[in-house]
*Asks:* 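Shown below is the structure under consideration.
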Amino acid sequence: MKVATWNVNSVKARLPRLLTWLQTARPDVVCLQELKVPNDAFPLREVEAAGYHAVVHGQKTYNGVAILARTPPAEPRAGFEDAVPDPQARLVAATVDGVRVVSVYVPNGGEVGLPSYDYKIEWLRRLRAYLMRAGVPQRPLVVAGDFNIVPSDLDCHDPARWEGSVLYNQELREIHKDLLNLGLVDTFRLHHPTEQAFSWWDYRNLAFPRNEGLRIDFVLATPALAARCEHAWIDRNERKGEKPSDHVPVIAEFR
DNA sequence: ATGGTTGCTTAGCAA
């Protein structure tokens with residue numbers, strides 16, 4: 001089973017690329033982020049024609065997440081399912097072929113010290129609690145998406161430049177470590193322990209041709225499932241050509 | 001060095 005995550009930065013703007021990529025990459029499950037459309041504007045017909053079912057938690061203008069799957073998803077759920085509804089559509093879950101799949105779009109945070117950064121930290125606290133309730137680490141579960149966290153120097157083209165930023169600071173590194181310590185394996189790092197590879201490049205300043213990127217998109221799996229992960233990679237080619245997203249797909253293949 | 005680019009919405013925000 002091939003599981004991918006891709007922040008498409010508008011599913012409308014990216015639809016031609018998404019459909020082409022589904023045909024060539026042939027993933028079984030795709031976690032999408034930043035749809036930027038409400039549910040009724042999601043291109044369901046096109047995605048179904050490409051051979052996928054879709055579980056969509058959309059939002060107008062900002063955010064929006066989805067799960068695409070070749071086999072019918074079961075028990076679709078949107079948001080944290082706790083006492084306080086999240087006003088932003090950033091999490092959706094469904095069970096595919098016995099695996100609980102969670103697509104997440106972690107808040108960027110804006111700037112350290114702003115209310116939007118406090119929202120990010122609180123959101124990550126709620127994500128941790130959600131994953132514990134969802135059965136991490138014992139349940140076969142994948143949580144994949146745009147985490148808006150740089151885990152380490154290796155995941156950053158220029159650590160000194162990014163240190164202290166809203167994507168890379170000590171507080172976030174500890175939150176990231178705590179998340180993984182719940183019992184989640186970063187499938188890309190599992191197979192590439194020392195390789196520098198990025199999943200995001202700024203649109204500005206020729207960041208991609210200069211390879212000034214960050215690795216902030218992950219496919220995380222619970223331990224028994226991670227033991228079945230045979231390959232994981234980042235589809236860097238998706239940043240090339242006409243109208244790319246600023247993120248590229250990250251893929252993990254499970255036996 | 002607060003620039004630069006993209007997308008949504010329409011001048012400004014978020015990333």
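Just so it is clear: chains get the letters A, B, ... in the order the sequence lines come, proteins before strands, and each one is counted from 1.
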*Asks:* Ignoring the backbone of A:Tyr203, work out which of B:dC8, B:dT6, B:dA15 is nearest its side chain.
*Replies:*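 When the side chain of A:Tyr203 is considered, B:dT6 is the closest of B:dC8, B:dT6, B:dA15.
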
*Asks:* Is A:Lys36 near enough to B:dA15 that one of its side-chain N or O atoms lies under 4.0 angstrom from OP1 or OP2?
*Replies:*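 A:Lys36 to B:dA15 OP1/OP2: no side-chain N or O under 4.0 Å.
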
*Asks:* Rounded to the Å, how far apart are A:Lys120 NZ and B:dA15 C1'?
*Replies:* 11 Å

*Asks:* Atom CG of A:Leu214 and atom C1' of B:dA15: how far apart are they, to the nearest Å?
*Replies:* 12 Å

*Asks:* Where the side chain of A:Tyr62 is defined as all heavy atoms beyond and including C-beta, which of B:dA15, B:dG4, B:dG7 is the nearest nucleotide?
*Replies:* B:dG7

*Asks:* Closest to the A:Asn108 side chain: B:dT9, B:dA15, B:dG7?
*Replies:* B:dA15

*Asks:* Examine A:Leu124 and A:Leu180 and state if one hydrophobic cluster contains both, with Ile, Leu, Val, Met, Phe, Trp and Tyr joined whenever side-chain heavy atoms are less than 4.5 Å apart.
*Replies:*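 Linked, A:Leu124 and A:Leu180 end up in one cluster.
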
*Asks:* Whether the A:Trp123 and A:Asp86 side chains hold a donor-acceptor pair (N or O, under 3.5 Å, no angle test) is what I'd like checked.
*Replies:*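 A donor-acceptor contact under 3.5 Å links the two side chains.
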
*Asks:* Quick one: label A:Arg161 by what it contacts on the DNA or RNA (base, sugar-phosphate, nothing), any heavy atom closer than 4.0 Å.
*Replies:*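 Contact class for A:Arg161: none.
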
*Asks:* Between B:dG7 and B:dA11, how far apart are the two C1' atoms, rounded to whole Å?
*Replies:* 14 Å

*Asks:* Just how far, in rounded Å, is P of B:dC13 from CD of A:Gln88?
*Replies:* 16 Å

*Asks:* Using atom CG of A:Leu114 as one end and atom C1' of B:dC13 as the other, report the distance to the nearest whole Å.
*Replies:*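 Distance, rounded to whole Å: 13 Å.
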
*Asks:* Taking the C1' atom of each, how far is B:dA14 from B:dT9, in whole Å?
*Replies:* 12 Å

*Asks:* Check the side chains of A:Gln33 and A:Ser103 for a donor-acceptor pair under 3.5 angstrom, ignoring hydrogens and angles.
*Replies:* yes

*Asks:* With C1' as the reference atom in both, quote the distance from B:dA15 to B:dG4 in angstrom, rounded to an integer.
*Replies:*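 Roughly 13 Å separates the two C1' atoms.
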
*Asks:* Can you get from A:Ile67 to A:Leu22 by hopping between Ile, Leu, Val, Met, Phe, Trp and Tyr side chains that sit under 4.5 Å apart?
*Replies:*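 Different clusters.
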
*Asks:* Closest nucleotide of DNA chain B for A:Val37 versus for A:Asn205: which of these residues is on the 5' side?
*Replies:* A:Asn205

*Asks:* Return the value, rounded to whole Å, for the distance between atom CD of A:Glu111 and atom P of B:dA15.
*Replies:*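 Going from CD in A:Glu111 over to P in B:dA15 covers 11 Å.
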
*Asks:* Give the rounded distance in Å between these two atoms: CG of A:Asn148 and C1' of B:dA14.
*Replies:* 11 Å

*Asks:* How is A:Tyr105 classified with respect to the nucleic acid when contacts are heavy atoms under 4.0 Å: base, sugar-phosphate, or nothing?
*Replies:* sugar-phosphate

*Asks:* In whole Å, what separates the P atom of B:dG12 from that of B:dA1?
*Replies:* 28 Å

*Asks:* Rounded to whole angstroms, how far apart are CD on A:Gln59 and C1' on B:dT9?
*Replies:* 15 Å

*Asks:* Could you give the distance separating B:dT6 and B:dT10 at their C1' atoms, to the nearest angstrom?
*Replies:*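 After rounding to an integer number of Å, I get 15 Å for this pair.
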
*Asks:* Measure the distance from NZ on A:Lys60 to P on B:dT9 and round it to the nearest whole Å.
*Replies:* 4 Å

*Asks:* Mind checking whether A:His247 and A:Trp200 have parallel, tilted or perpendicular rings, split at 30° and 60°?
*Replies:* tilted

*Asks:* Given that A:Arg14 and A:His247 both sit by DNA chain B, which one's nearest nucleotide is further toward the 5' end?
*Replies:*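 Counting from the 5' end, the first nearest nucleotide belongs to A:Arg14.
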
*Asks:* Crowded around A:Arg255 CZ? As in, over 12 foreign heavy atoms under 6.0 Å?
*Replies:*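 Buried by this count: over 12 neighbours within 6.0 Å.
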
*Asks:* At under 4.0 Å, does any side-chain N or O of A:Arg204 touch on OP1 or OP2 of B:dA15?
*Replies:*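 Negative; the distance criterion is not met.
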
*Asks:* Could you check which of B:dC13, B:dG4, B:dC8 has an atom nearest any side-chain atom of A:Ala13?
*Replies:* B:dC8

